[in-house]
Amino acid sequence: MTENVVHLHKTPEPIDPDAAVTTLTVVPDAPPVRPVPLWVRSGRALKTAVTHDRTKSAGRAVARHGLYTFNGGRIVARRTWDGRTGARYERMLRAAEAAGNYEVAEEWEERLQHFRDARHRRRMDLLHSPVEVAKGAAVGTGMGIGALVALGIVMAISNGDVKDIITPLAATIDFIATLIRIVQVVWPYAVVLGPLFALLGMWAVGSKQQAAPQWALPANVRSSEGEPITPSIVVKALRDLGVPALRNAIKDMGDAGASMLGPITIAGCGVEVDVTLPSGVSTIEVQQRRRKLAENLTRHEHEVFITIPEAARTVRLWVADSGALDEPIGPSPLVTDETMTANYKTGRAPWGQDLRGDAAALSLYQRHLLITGLSNQGKTASLRALALWAALDKTVEFRLADLKGGDWAMFNGIATVLIQGPTDDHVIQTTEMVEGVVDEMNRRIADRQHNPDKVFDPLICVVDEAQVAFMCPVKDEEGRYYGGSKATSRYFMAVRKIHNQGRVVNVLMWQGTQDPTNENLPKLVREGAHTRASLALGTESQAVMALGEKAVNGGAAPHLLRPGLDQGTLVVASSGIETPKGQSSITVRTHFIGDDDAKAIANRAKALRNGVTTLHAIEHGEERDPLADIATVLGSDTRVRTQEVINRLAALNSEAYGGWSFLDLKRVLDDAGAEPYKSDGRMVVARDRVTAALANRDGAGSASAE
């Protein structure tokens, strides 16, 4: 294709090479541009007009005001029907019967009977009223005419004019004629304006009741505030839930479904009602439609909670006031009450509020704890709030590892061990800390066997971000993994031992972990916790891991909490917190304690203690030879009581032997063949036996070396 180029110069002469040049390209073979048909342009314009916001607003306005008038007429008609018949009494009677309140039902039945008797009397009076009206009209007319004539006679006598006799009667006739003329003039307008005023009245009634669909209401009315929860709204929401058996059962009920509902009671920032489902409808069918039920109740999904009480075929609905769950619940009593102290055994930690608005407090006594949830949902804050309360009991010892670092710094001076950091070295230190807790637990168990009545001070081992420890790939010198979920995992096995035996000697394990899976939170560990709490999670399977299948089947739904919006809201399954009867879990909105307030509470806890030296790493002391040390403390004594030997060992090296009991001493001596024995009724250690055992051991060692 050849291009024809025409150069047009703005200045004809002389030609300036810098002048602007316009180039026109002509394509001879290009098809001519055809105009768009008129009907196409009209269709596009019509489509634009139909979809325009102003058109939609106008359409909604027309529909809204038309439905106001129509539904207002229905409301007026129903009110009129209720006023003329006993329908109102019958409805109240059925509702009282459905609620089982038979005394009120008898009262409404008596009122209905009185209404019917009065109506019967009125109808019988109407049968005789025409005759009575006619008689009254005849008598009244005669008396009226007579009175007018008498008045005229008086006027005639007074004025001396006989014509005045008919003056009152003529004036009355003129007045009646005037009224007739007024009616003749007004009647055509009344015929037209009367229906208009009637329609205006029906529109006013419908407008006041907002008797139109939500989509037709104006934007300021179609808000998320939600309407008050009434029995009719609950029944309608259940009817439209999409369960055919439920819909048909409600349709067949003579009381329009009222018998399904228990009393609607105020519960905190919402209301609560028990719904007994009809035969053929299971509770799981309602639970699975939580979002649709919430929308039918004009609420968001997170504002409706469905739980399963003890009664068969019953669901308990808690419906929040619209927007109430997005408002804070106020500061913790730990912050507002500077005189508050704690009692680990008998007290309860103030954790937050339940959905009813009641205080939710948790007992920590001999209960292992697990808190889990997605990242940045308030897990550390929830766990730390419990620890801050427990720290106000000066008998509680903490050994703490924060495998993220920075959130638990205020426990420096409270915890005897505080490890902070996310690296593998920190995991190694954490594992050795937990194993040290296991050693302390074993020592207590052995001591308890010797002294069954002995009570030990609580020792709480806290590991925050425990998933870091479970997923650590590092091995020790013997080839054992620090992380993992097998019998060769050091951290896993240490936690399991504490879960199995620690509770009876007041040794507890608290863990916080993110996003639970079988890899970062093994099944045996999560099931070993007595108190299990979960913030927002991603899936129902994670909710089962966090809280257990029983709690989730009972209505616990942390996976339905809103990540980022429901921060600090926990679903708790524990015997240590008061739950509604028949439920296996409770939803708690926890108090948030900021870093500054946490430091202030920690300072109060430190003031209750006599100074605590916090170790920031597990220190490995020098290797001791217990048998040689026993021989050293025996000295030249032939026999020494076992308790005295223990005391001397503690004085020799308190770090190595400060926690020794009789069983620790007996184990070392038995292994060496220098068993303690009784002398004069007391257990003693013989110097000769210890010396011989040392000689035999050293001789055996030398022989093996050769």
- Query: Counting heavy atoms not belonging to Gln287, are there more than 12 under 6.0 Å from its CD?
  - Reply: yes
- Can a donor-acceptor pair be found between the side chains of Arg526 and Asn518 at a distance below 3.5 Å? yes
- Which heavy-atom pair separates Lys404 from Pro422 by the least distance, and what is that distance? O-CD, 4.0 Å
- Are Ser363 and Arg367 close enough that a side-chain donor and a side-chain acceptor fall under 3.5 Å? yes
- Query: Below 4.5 Å, heavy atoms only, C-beta onward: do Asn442 and Lys497 meet side chain to side chain?
  - Reply: no
- Contacts of Arg682 that satisfy side-chain contact (heavy atoms from CB on, under 4.5 Å) - sequence neighbours left out: Arg641
For residues 542-552, which side-chain N or O atoms pair as donor and acceptor with protein atoms under 3.5 Å away, sequence neighbours left out?
| from | atom 1 | to | atom 2 | distance (Å) |
| --- | --- | --- | --- | --- |
| Gln542 | OE1 | Gly538 | N | 3.0 |
| Gln542 | OE1 | Thr539 | N | 3.4 |
| Gln542 | NE2 | Asp515 | OD1 | 2.4 |

- Query: Quick one: do Asp457 and Arg444 make a salt bridge, cutoff under 4.0 Å?
  - Reply: no
- Query: Side-chain donor-acceptor pair under 3.5 Å between Thr346 and Asn343, yes or no?
  - Reply: yes
- Message: I'd like to know if the side chain of Lys606 reaches the main chain of Asn412, judged simply by a donor and an acceptor atom lying under 3.5 Å from each other, with no hydrogens or angles considered.
- Response: yes
- If you measure only the distance, is there a donor-acceptor pair under 3.5 Å linking the side chains of Asn520 and Thr517? yes
- Task: Examine the side chains of Asp402 and His426 and answer whether a donor and an acceptor come within less than 3.5 Å of each other.
- Result: no
- One should read off an interatomic distance between Ile460 CD1 and Asn506 CG, to the nearest 0.5 angstrom, of 9.0 Å
- Query: What are the two closest non-hydrogen atoms of Glu527 and Arg532, and how far apart are they?
  - Reply: CA-NH1, 4.0 Å
